[in-house]
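This report concerns only the one structure given below.
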Amino acid sequence: MVAATEHDSEKPTREYDFTQQDFESVKKLIYDRAGISLSSSKKNMVYSRLSRRLRANGLNSFREYLGFLNKGGREEWEEFTNALTTNLTAFFREEHHFPILERHVDQRKNKSKIQIWCSAASTGEEPYSIAMAVVNAFKSFTPPVQILATDIDTNVLETAQQGIYGMERLEKLPNEKLKNFFLKGSGVNIGFARVRPELRNMITFRQLNLLNDGWPIRGPFDVIFCRNVMIYFDKPTQYQILKKFAPLLANDGLLFAGHSESFHHAADLFTLREKTVYELVKNTGE
Ligand SMILES: C[S@@+](CC[C@H](N)C(=O)[O-])C[C@H]1O[C@@H](n2cnc3c(N)ncnc32)[C@H](O)[C@@H]1O
């Protein structure tokens with residue numbers, strides 16, 4: 001008896017042929033475009049996400065789709081990128097960061113303006129959590145704080161901008177936060193909650209590809225959140241991004257990273273201050 005191979009077990013259930021060469025082409029395209037490094041274990045994921053795009057465009061094979069993409073306009077590139085990003089997020093994810101953020105903001109209360117950049121904002125839970133922490137620090141819903149929330153994925157940004165979440169997304173939040181920061185839906189909106197408009201007013205949402213040169217933004221930022229996105233990039237790409245963060249961060253600013261991300265390979269730029277929170281390497285002028 002011959003053991004079933006990936007090819008044997010998947011072929012009958014697949015609507016479209018998806019060769020190793022097709023997969024390699026997709027890998028190269030998303031790496032060049034978004035910096036995302038896909039491992040070979042992601043082949044099934046790529047198939048299922050992109051076959052929707054083949055269907056939407058009425059195409060019959062991945063080869064056709066790749067040709068269409070290469071010839072096609074900006075719109076399909078955007079859909080291709082949106083399909084291949086992973087957007088997992090949650091309110092107050094990696095909770096230990098938020099008291100640190102609150103303290104940092106609290107210590108800067110005398111500044112006329114505090115700027116925060118959330119650089120992989122996904123569906124908005126992270127920038128809204130930042131806004132809630134800021135409101136707590138200032139004990140005001142109109143603090144002098146601007147939050148820039150960016151992501152490469154235009155679909156998630158739309159969701160983020162709406163600020164409406166199913167109640168199951170809020171399950172883990174304490175009642176006090178629910179009461180202070182959300183408006184529960186009624187009637188047809190039952191089962192959903194909207195973030196208070198004051199939180200939304202603190203945030204500007206914009207598309208930004210971390211891989212691109214010449215980001216159209218101006219610092220200095222008191223805080224940069226870049227959590228759970230660097231894991232999709234290889235080390236040289238991470239370093240290039242960190243090199244662009246450095247001049248945008250205030251001298252006493254903080255860079256928040258995800259739980260499995262470490263920037264030891266950029267020790268010339270950033271130094272670890274506490275668990276997954278970095279600061280700029282101080283230039284001693286020597
Ligand atoms: C796993 S989510 C993390 C969300 C949030 N930061 C958190 O920690 O909960 C990663 C996000 O990074 C975004 N992303 C991936 N590649 C990107 C790039 N090149 N530029 C900007 N954002 C990117 C994805 O669209 C996705 O929303």
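Numbering of residues begins at 1 and proceeds along the displayed sequence. Every number for a ligand or one of its atoms is a count from 1 in the order of the listing.
Side chains of Asp22 and Ser25: no donor on one and acceptor on the other come within 3.5 Å. Side-chain N/O atoms of Glu24 and Gln20 include a donor and acceptor closer than 3.5 Å. Side-chain atoms of Asn228 and Glu94 form a donor-acceptor pair, as typed in the model, at a separation below 3.5 Å. Using modelled atom types, one finds no donor on one side chain facing an acceptor on the other under 3.5 Å when comparing Asn82 with Arg49.
For ligand 1, the 4.0 Å heavy-atom shell contains residues Ala34, Ile36, Thr85, Thr86, Asn87, Leu88, Thr89, Arg93, Ala120, Ser122, Glu126, Asp151, Ile152, Asp153, Leu208, Asn209, Leu210, Arg227, Asn228, Val229, Tyr232, Phe233.
For the pair Arg196 and Phe141, the cation-pi criterion (under 6.0 Å, within 45° of the ring axis) is fulfilled.
Legend: salt bridge (charged side-chain N to carboxylate O under 4.0 Å, His left out) pairs involving residues 108-121, not counting sequence neighbours, sorted by first then second residue: Asp106-Lys109, Arg108-Asp252, Lys111-Asp222.
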